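Worksheet for the structure shown next.
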Amino acid sequence: MARLITELGRLPGICEITAERLASHLLLVPRDQALGLARAIQEMREQLRRCSLCGGYAQEEPCPICRDPGRDPRRIVVVEEPRDQVALEEAGVCDGRYHVLGGRLAPLEGVESRDLTLELLARRVAALLAEGPELVELIIATNPNLEGDHTALAVATRLQGLPGHERLVMTRIATGLPSGSAIEYAHREVLVDAFRGRRPLEITSESAP
Ligand SMILES: [Zn+2]
């Protein structure tokens with residue numbers, strides 16, 4: 001039990017007291033439920049592997065998204081972690097492919113660019129630029145916080161020197177006011193972002209009053 005408490009305590013957001021509670025909970029629940037958790041962890045780790053093209057996780061190699069011929073291979077959304085990819089997929093906003101960095105730059109925690117799949121991305125983009133004259137679009141969707149912004153900058157800096165980079169279009173996802181929110185309740189930083197990220201108002205036949 002002490003071993004389990006130690007292991008649980010290593011998980012993000014789990015303090016020692018919570019680890020002890022979870023361990024004693026797992027001791028009291030039906031045996032199948034507790035072992036089901038152990039098996040789920042084991043199967044996930046044994047069956048999912050990193051896609052050699054995009055750095056995402058899947059049972060097959062390459063992953064289903066990289067193999068999907070219906071997706072634009074020259075549009076790549078760069079995300080920090082697999083869960084970001086899942087969220088964007090569920091939102092249905094991306095008709096291209098992904099690149100999973102495997103984290104974000106966090107010098108204070110010892111996470112440097114060599115811990116991310118930045119070189120894999122650079123090789124991938126270089127190959128796309130060498131392939132043909134069409135544009136390659138990179139949408140950098142790291143989280144809109146200090147570390148995510150820093151990571152976005154590192155990605156852009158690494159790729160801007162690639163041969164053919166004049167055909168590489170890099171954009172950063174917008175930040176600012178969430179749809180459906182109200183200006184009067186927004187934090188200052190959100191309002192600053194919203195102003196910096198303002199875009200031309202397009203009047204279409206559907207949007208006209
Ligand atoms: Zn892939």
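In each ligand, atom 1 is the first atom listed, and ligand 1 is the first ligand listed. Source: prediction; values computed, not measured.
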Does the pair R74/E131 count as a salt bridge with the N-to-O cut at 4.0 Å? yes
**Q.** Backbone N/O of A122 and side chain of R158: donor-acceptor pair under 3.5 Å
**A.** no
Q. Is it true that a side-chain atom of E137 and a backbone atom of I76 form a donor plus acceptor pair closer than 3.5 Å?
A. no
* Look only at the side chain of R167 and the backbone of L135, and say whether a donor-acceptor pair between them is shorter than 3.5 Å. => no
**Item:** E119 with R114: basic N within carboxylate O range, under 4.0 Å
**Value:** no
Does R97 pair with D72 as a salt bridge, N-O distance under 4.0 Å?
-> no
Shell check on the Zn ion (ligand 1): protein N, O or S atoms less than 2.8 Å away are C51 SG, C54 SG, C63 SG, C66 SG
